Enquirer: 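My structure is below; once you've seen it, I'll send some questions.
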Amino acid sequence: MKNSASEQTSRVWDLAVVGGGSAGYAAARTAAAAGLRTVVIEGSDEVGGLCILRGCMPSKALLYAADVLHLARSAATWGLSVPKAGFDFKAVMARKKAMIADFAGYRRVELTSGKFKFIRALARFIDPHTLELSHARGAAPNTVRARHFIVSTGSVVARPPLAGLEDAGYLTSDDALSLERLPASLIVLGGGPVAVELAQFFRRFDVEVALIQRSGHLLRGFDEDAAAVLEKVLRREGVKLLTGAELLGAFRAGRKRGIALRRGGRKERVLGSEILLALGRAPATAGLGLEKAGVETEGGRILTNAEMQTSAPHIYAAGDCTGPHEIVHIGIEQGEIAAGNIARPGRGRAMDYRLLTSVVFTDPQVAAAGLTEKEARRRNISYVAASHSFADHGKSLIMEAADGFVKLLADPVSGEILGGACVGPLGGELIHEIVAAMHKRMSVGELAAMPHYHPTLAEIWSYPAAELETQRSRVSQRSHVAKRAGIR
């Protein structure tokens, strides 16, 4: 596609995708495969999107290094000798940087493969069918016109209005993943996945860590029993947890930084070399001119229906800029659905969050699929639940990974699996057995009857499944006997 700028400006594309991250690339790939003339516009200095550059891949590369270090330092548990297991932090970060460069390079090749037009420029709507481009590189046109659009601009670090924070200075998660030197001590603000993952990472690399969370438990999107296991492990590893805290402000104290807070009616001050702001991200929609295109937003988030269509019928959105869940595989699915609905009007697909899956890559890992007990109660959905502890499971005991449990939620009448949770070794892998079971709408009886190899971690699912099937069978039997006896 070597059209001149004037030809590009006058051309009307079938689809313009704003943003070349995971959701945007998935949308463009799907649209191009369906025969739509597609252009992707990426305005960031780096190509690859949050997941590759500053999210999933760099963080998990570092977390795995911390896991290996922790195992090496615990080698005596298995009768092994690993004298003075240490680390070279610069080498750890260099490996991460090299891996991310490879991942980003591959994505760059995909975006410039010729399947669609790729333009490096900032874009904003100037009317419902026209984007104005600025800071364009090369032969990029000044405007792009299209019949349809998909906005997939991702998210940015949310900066809460905490008094004194700007003056005190702080690190974002982006900064934390690119440090050249470890701080002596660190204050982590937040209790979500990013906060707990990085808190454990830095603690395992010998940094003194204090984590401050406003709610009473970490990981408020999970059930409290899951959060309690992680809280116990973090405290055991030396992380100072301050939950139920009201943040009053940040300050400087000489060469230290500090947070003032109130807990249980008492004021406290926490000092550290650095403050890590991990209180979430916000949709990256500022400056897009969405109002000129008739696209409604709420708190910066683009509002869509289940087909990923915005209030402007020809404009769709996908990924973190629209939510409601900031998870990469969901953003990819949203992008694919949006592009598919544009390519095949009248035969569209809708997002279904029944199989919503979340994973936190701490040790132990925390994972959930489908309904949590908290969500089931909120929505007044009837369920029965059963759990089984990793402390009572052969393979996890062999691994000295006894923290945590698995839990299943099921319909009390049909036995269909409604949700599952796993807090334990390889929880992010194990949860996919429940995703697969729920995808096929299996019952707990069917899961209990499914063969599981012994000794494996995966066989632990068969225990709560069997328990729930026994409960269900007893209830069904009592109901049958009552009916035969004429009891109402």
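Worth saying up front: this structure is predicted, and the values here are computed from it rather than measured.
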Enquirer: Report yes or no: does Gln213 contribute a side-chain atom to a donor-acceptor pair with the main-chain N or O of Thr243 at less than 3.5 Å?
Expert: no
Enquirer: With a 3.5 Å distance limit and no angle check, can you tell me whether Ser152 reaches the backbone of Gly19 through a side-chain donor-acceptor pair?
Expert: yes
Enquirer: Is Arg347 reaching over with its side chain to a backbone N or O of Gly340, donor-acceptor style, under 3.5 angstrom?
Expert: no
Enquirer: Test your reading of the model: is there a side-chain donor-acceptor pair from Asp403 to the backbone of Val233, 3.5 Å cut-off?
Expert: no
Enquirer: Would you check if Leu447 and Ile417 make a side-chain contact, meaning some heavy-atom pair closer than 4.5 Å?
Expert: yes
Enquirer: Determine whether more than 12 heavy atoms belonging to other residues, nucleotides or ligands lie under 6.0 Å from atom CZ of Arg236.
Expert: yes
Enquirer: Of Leu186, Leu276, Leu189, Leu241, which is the lone residue that meets side-chain contact (heavy atoms from CB on, under 4.5 Å) with Leu211?
Expert: Leu241
Enquirer: Rounded to the nearest 0.5 Å, what separates atom NE2 in His325 from atom CD in Gln334?
Expert: 8.5 Å
Enquirer: Using the rule given for side-chain contact (heavy atoms from CB on, under 4.5 Å), can you reason through His70 versus Glu237, listing the C-alpha separation, both sets of side-chain angles and the distance that settles it, and then say yes or no?
Expert: CA-CA 10 Å; His70 181 71; Glu237 293 189 6; 3.8 Å; yes
Enquirer: With the threshold set at 4.0 Å, does a side-chain nitrogen-carboxylate oxygen contact exist between Arg29 and Glu336?
Expert: yes
Enquirer: For Ser44, does its backbone N or O pair with a side-chain atom of Glu42 as donor and acceptor, under 3.5 Å?
Expert: yes
Enquirer: Would you please indicate yes or no on a ring centroid separation below 6.0 angstrom for Phe149 and Phe125?
Expert: yes
Enquirer: Once you round to the nearest 0.5 Å, how far does OG1 of Thr30 lie from CG of Leu36?
Expert: 10.0 Å
Enquirer: Using modelled atom types only, decide if a donor and an acceptor are shared between the side chain of Glu231 and the backbone of Leu218 within a distance under 3.5 Å.
Expert: yes
Enquirer: Could you check whether any side-chain N or O of Asp14 sits under 3.5 Å from a backbone N or O of Arg37, counting only pairs where one atom can act as donor and the other as acceptor?
Expert: yes
Enquirer: With the side chain counted from C-beta on, respond yes when Thr38 and Val17 share a heavy-atom pair under 4.5 Å apart, and no when they do not.
Expert: yes
Enquirer: Under the side-chain contact (heavy atoms from CB on, under 4.5 Å) criterion, do Lys407 and Leu409 qualify, and how do the steps go?
Expert: CA-CA 7 Å; Lys407 176 169 61 176; Leu409 277 66; 4.1 Å; yes
Enquirer: Anything under 3.5 Å between a donor and an acceptor, one on a side chain of residues 430-438, the other on a protein residue two or more places apart or in another chain? List them.
Expert:
residue: His432; atom: ND1; partner: Gly428; partner atom: O; Å: 2.9
residue: Glu433; atom: OE2; partner: His452; partner atom: NE2; Å: 2.5

Enquirer: I'd like to know whether Leu131 forms a side-chain contact (heavy atoms from CB on, under 4.5 Å) with Ile41, so could you lay out the CA-CA distance, the side-chain angles of the two residues, the decisive distance to 0.1 Å, and finally the verdict.
Expert: CA-CA 10 Å; Leu131 292 169; Ile41 303 157; 3.5 Å; yes
Enquirer: So, Arg203 side chain and Val207 main chain: donor-acceptor pair closer than 3.5 Å or not?
Expert: yes
Enquirer: Take Glu274 and Arg257 through the salt bridge (Lys or Arg N to Asp or Glu O under 4.0 Å) test and state the conclusion after the steps.
Expert: CA-CA 6 Å; Glu274 296 284 356; Arg257 294 170 172 83; 3.7 Å; yes
Enquirer: Looking at every non-hydrogen atom in both residues, tell me the closest pair between Ala369 and Thr357 and how far apart they are.
Expert: CB-OG1, 3.9 Å
Enquirer: Between Ser273 and Lys256, is there a side-chain heavy-atom distance shorter than 4.5 Å?
Expert: yes
Enquirer: For Pro128 versus Ile315, what's the shortest heavy-atom pair and its separation?
Expert: O-CD1, 4.0 Å
Enquirer: Just grab all the side-chain hydrogen bond (donor to acceptor under 3.5 Å, both in side chains) pairs involving residues 285-298, residues at least two apart or on different chains.
Expert: none
Enquirer: Taking all heavy atoms of Val209 and all of Ala199, pick out the closest pair and write down the distance.
Expert: CG2-O, 3.8 Å
Enquirer: Can a donor-acceptor pair be found, under 3.5 Å and without considering hydrogens, that links the side chain of Asp223 to the backbone of Ala226?
Expert: no
Enquirer: Kindly check if the number of other-residue, nucleotide or ligand heavy atoms within 6.0 Å of CZ (Arg301) is above 12?
Expert: yes
Enquirer: As a quick check of understanding, evaluate side-chain contact (heavy atoms from CB on, under 4.5 Å) for Trp13 and Arg147, giving each step before the final call.
Expert: CA-CA 6 Å; Trp13 297 86; Arg147 296 180 179 86; over 6 Å; no
Enquirer: A side-chain contact here means heavy atoms from C-beta on lying under 4.5 Å apart; do Asp174 and Val157 qualify?
Expert: yes
Enquirer: Measure across Tyr170 and Thr172 and return the closest heavy-atom pair with its distance rounded to 0.1 Å.
Expert: CE1-CG2, 3.9 Å
Enquirer: Looking only at non-hydrogen atoms, find the nearest pair between Ile150 and Gly335 and report the distance.
Expert: CD1-O, 4.5 Å
Enquirer: Would you say the ring centroid of Phe405 lies under 6.0 angstrom from that of Phe390?
Expert: no
Enquirer: Does any non-hydrogen side-chain atom of Thr322 lie less than 4.5 Å from one of Pro283?
Expert: no
Enquirer: State, yes or no, whether a side-chain contact exists between Val239 and Gln200 at a heavy-atom distance under 4.5 Å.
Expert: no
Enquirer: For the CD atom of Glu333 and the CG atom of Asp352, what is their distance to the nearest 0.5 Å?
Expert: 8.0 Å
Enquirer: Would you compute the distance between atom CG of Leu355 and atom CD1 of Ile330 and round it to the nearest 0.5 angstrom?
Expert: 10.0 Å
Enquirer: Students often mix this up, so state it plainly: with edges at 30° and 60°, are the rings of Tyr316 and His148 parallel, tilted or perpendicular?
Expert: tilted
Enquirer: Do other residues, nucleotides or ligands put more than 12 heavy atoms under 6.0 Å from Tyr64 OH?
Expert: no
Enquirer: Go through the side-chain N and O atoms of Glu132 and Thr130 and say whether any donor and acceptor fall under 3.5 Å apart.
Expert: no
Enquirer: Just wondering, are more than 12 heavy atoms of other shown residues or ligands nearer than 6.0 Å to NE2 in His439?
Expert: no
Enquirer: For the residue pair Gly192 and Leu219, what are the closest heavy atoms and their distance?
Expert: C-CD2, 3.8 Å
Enquirer: Within the structure provided, determine whether Glu400 and Trp78 are in side-chain contact (heavy-atom separation under 4.5 Å).
Expert: yes
Enquirer: Under a 3.5 Å cutoff, is there a donor and acceptor pairing between the side chains of Thr310 and Thr304?
Expert: no
Enquirer: Given 3.5 Å as the limit, does a donor-acceptor pair link the side chain of Glu459 with the main chain of Thr456, or not?
Expert: yes
Enquirer: Would you compute the distance between atom CG of Leu15 and atom CD1 of Ile342 and round it to the nearest 0.5 angstrom?
Expert: 5.0 Å
Enquirer: Would you indicate whether Arg220, at its atom CZ, is surrounded by more than 12 heavy atoms from other residues, nucleotides or ligands within a distance under 6.0 Å?
Expert: no
Enquirer: Would you say Glu197 and Leu62 make side-chain contact, with heavy atoms under 4.5 Å?
Expert: no
Enquirer: How many angstroms lie between CD1 in Ile259 and CG in Leu271, if you round to the nearest 0.5 Å?
Expert: 10.0 Å
Enquirer: Please tabulate, for side-chain N and O atoms in residues 89-102, each donor-acceptor pair with protein atoms closer than 3.5 Å (sequence neighbours left out).
Expert:
residue: Lys96; atom: NZ; partner: Leu177; partner atom: O; Å: 2.7

